[in-house]
Amino acid sequence: MSFDKNKHLREVLDTHKMCHVQDFVNKVKSRREEIKTKMHDHYGSDKYPSFGSGSFAKHTATNVKFDLDLVEPFKHNAFGTLQEMFDSVHDFLAEEYKNTGVIIRKQKVSIGVSFPIEKGDEKPVEVDVVPGRELSNDDYLDSHDLNLCFNEDHWGFKKGTSQKTNIQKQISHIEGKSNERQIIRLLKIWKKQKGKKYKSFVIELAVIRALDGYDGDNGLWPRLKYTMEYLRDHIAENSFHLYDPGNTNNDVIAAMQDYDRKSFKSDMESMLNNIDSNPDLYLPYYFKVNEKYSGYKEKDTGAAYPTSAKRFG
Amino acid sequence: MMTADKIKELIEGLYGVSLVDDFTINEAGSLKGRIAVATGQDSADLEWDVEISPTYPFKVMGREPIYFQNKNLLNYPHIMQGGNLCMHSAEYENTERQFVNDLEQLKEWVEKYYVKMEKDAHYEHLVVNHHLICGQYYTFCFAETKEDFAEGDYGVVHYAVLPTGWKNDSPVSNYMAQKFVSCAQVKKRELFCKISKSYQKLKSFDGVYCLLNGIPSVHNKFIVEDYDSIKGLFSQSQKNYIHSFVALHKNKYNSFPLFCGYRIPGGGVYWQAMMLFMDDLPIEPVRVGTGKNRLWFTDFKQGLIQWAETVDISYKYFFGRGAMPEELANKKILIMGVGAIGSIVAETLTRCGAKILTLYDIDNKEPGNVCRSAYSFYSGITEKTLDMENLLTQISPHVECTSLKSIVDLVVKTYSAGHENKSALAKLFDEFDVIFDCTTDNQLMRIMDSTGTKAQLVNLSITNHAQDLICAFSPNVAEAVLLIYGLLKRNTETDMYNPTGCWNPTFKASYNDIECKVQVALKHIIRMLSKLEPLSNFYITEDDLNLKINRL
């Protein structure tokens, strides 16, 4: 009987669902609420209500990699500069969690808050706080546009510079696109498992673009294959662009290194060729089931590595 | 075969060339004559003496079979000391076509360098004729120094002795400059040559160096040949220093090199070395004034300079003809397992310009290893890492090569046996940028995977008979290796080489079987690690004609 690619990919998605780590997600949510309250109490009318973002908000999270970010939209007149805003949030959180074992660090556009790992958990609860400032006084409520502060070189921007974005638009860009989200999750699972460094945001936008108008077989494999073929054929082309829905002047492809675009193309090419030649072997290699949450499969008892008599050097 | 009549006929048929004196055969059998090459409407033709050897058109012992000579053109490019045009013509099977082509090339030279007065953009070192000096040749290698020299600098050059060579039936004494100790100021200053510590540690001998105030050249092309022509390029302090060095070392050395440096385009210093012999020194005391106003200083006597050969082995010249990208060459590389694959990897990386290599192995090199690895028999039974360190150091003066103790295996595995979380071991490996794992140790492979080290792991192994080569990169090395071996399904256990000890058969494959695949793999690995090619796991298979790379 031939290998059922759709069934395998379904299992990959199922075993990577967030529900398997619900207790941990609840802990993260609870910590996020805690930070939200502290921020509200401290900054009061200097900011608008905070909201959640990251892969969890976009429904593209997997239980091996997910972000529950907290966006803090500040009023325009709350700070003189974006760097002051960024530093203020960092300093406030650092003071608030002083001597508690919580690690506060400045990241590219956010402040990372890492709580001490709890017994029984595999990793610590981490929340990224993303401060943003409205473009002009009272503009935010209508536009939801925010300027983020780049705290270090990022996407070609230097420390202290800014980039306009609109996180609500980014979230709504992906809303209701459940077919696309499945493929996004599969590629993000591949990215995580194989240690690829491509940006998740690029994958999200590229998949949505690839499947725009797709009316082929709705099985997971045909959709994934179609997307991978699209990426293979376009991602390294000079004429290919992907614009941030939160800022249509921001071409996220233009910010990718040529080498990364060629590597992405090459990855898609190899995967398609190998899966085509031997799907039983290669599809589970590139898209692995999360054995930890695979209820009906034998647990890993140690891989049968080739004995020393077969592998030589 | 060329004859005087044939030459006349060919020249008559060629535009812009005319015969001045008919060709005749001299006592050595060569044809000699004189021709003229047109230089333009109103200008006089340029005359050349021509000598065609009896072997024409064959080049013998590296010597061209035809010479065009004009001693008045020494200031022009590509005219050598005897006035000969240095030419390397295209080769033709037909003698007559060869002659016509040689004349065409002569015309091209006249048009380009004589009529249009063009200069070459690239720099060429001075031409130095190396003659026997007291029955032997002398060769000094040097490399750029970490710090620059002050103008007019002088002092002691420390050099090490390398093994004696042999050429033209005479010995070649080979030396390597290690450092320059400046004595121009009261406080001595050391300027180390950029060579590996292994060469810096060799026993040193002393010579003198002086940074001249000009280039010791004739026609800006040839080295000066006598002391009269060079003495004006030394300062009086430098000449006096040579005298004081002689006074201090005359009972220690019979001879010593005098390194004469000069700036070359780009700002570096090039060194020529003359050999000075204590019993026939070319310097003498010179008296100026009389009575109380009498002063003595040192100057050169008349005579011919005995130039040794010098070679700039700075990294950019040593690897000038080919190397891997320097960004990768600068990385810290660990090679774990220096057996057949690992030794070939180590040697190849060294020849490609690697600067920092660390080796690791638990085994000794034995005579049976030699047939399919980079080792030589001569060094006998010794630890593989030690033997490889020696070999790599001999290959390149630019590689710093060290080894990890074999006990690392015990440390890593003892820790791993007692700890579920292996991330603490990452510290051990994080000091390297790239780690080649050629051990074929499956347990080590899994441990390395689980450390999550920042170093880029490159795992290499082959199947029996070197039928396939497998290359996997971190992360998840073991997963890729498992997949590929499962895919290849090589049933190889039946044809093994047994006499290596109880329960310890080894694979069968020749050096050629292994090396060709390792080189193909390394070609891609180097490109991948240099971001010139997408990085991906791959395996190399072989059919009757080709090697095939399969990417994952």
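Note on naming: letters A, B, ... go to the chains in the order of the sequence lines (proteins, then strands), and numbering restarts at 1 for each one.
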Euclidean distance, A/S277 OG relative to B/N550 CG, rounded to 0.5 Å:
9.0 Å
Using side chain to side chain contact (heavy atoms under 4.5 Å, CB included), reason through B/E479 and A/K288 one step at a time and then give a plain yes or no.
CA-CA 11 Å; B/E479 183 190 33; A/K288 270 199 309 187; 2.9 Å; yes
Looking only at the side chains, is there a donor atom on one of A/Y285 and B/N537 sitting less than 3.5 Å from an acceptor on the other?
yes
All side-chain hydrogen bond (donor to acceptor under 3.5 Å, both in side chains) counterparts of A/Y282, not counting sequence neighbours
none
Going by the salt bridge (Lys or Arg N to Asp or Glu O under 4.0 Å) test, which pairs reach into residues 262-274 of chain A, not counting sequence neighbours?
A/K196-A/D267
So do the side chains of A/R311 and B/N459 get within less than 4.5 Å of each other, counting heavy atoms only?
yes
What donor-acceptor contacts under 3.5 angstrom involve side-chain atoms of residues 235-242 of chain A, with partners at least two apart or in another chain?
unit_1: A/H241; atom_1: ND1; unit_2: A/D251; atom_2: OD2; d: 2.7

Atom OG1 of B/T463 and atom CZ of A/F312: how far apart are they, to the nearest 0.5 Å?
8.0 Å
Answer whether the closest heavy-atom distance between the side chains of B/R551 and A/M271 falls below 4.5 Å.
no
A/N273 CG to B/L552 CG distance, which is reported to the nearest 0.5 Å:
11.5 Å
So does B/E533 get a backbone contact from the side chain of A/Y259, meaning a donor-acceptor N/O pair under 3.5 Å?
yes
Is there any residue in residues 508-520 of chain B with a non-hydrogen atom under 4.5 Å from a non-hydrogen atom of chain A, and which ones are they?
none
Between B/D441 and chain A, which part of the residue has a heavy atom less than 4.5 Å away: side chain, backbone, both or neither?
backbone
Between B/L469 and chain A, with a heavy-atom cut-off of 4.5 Å, which part of the residue counts as in contact: side chain, backbone, both or neither?
neither
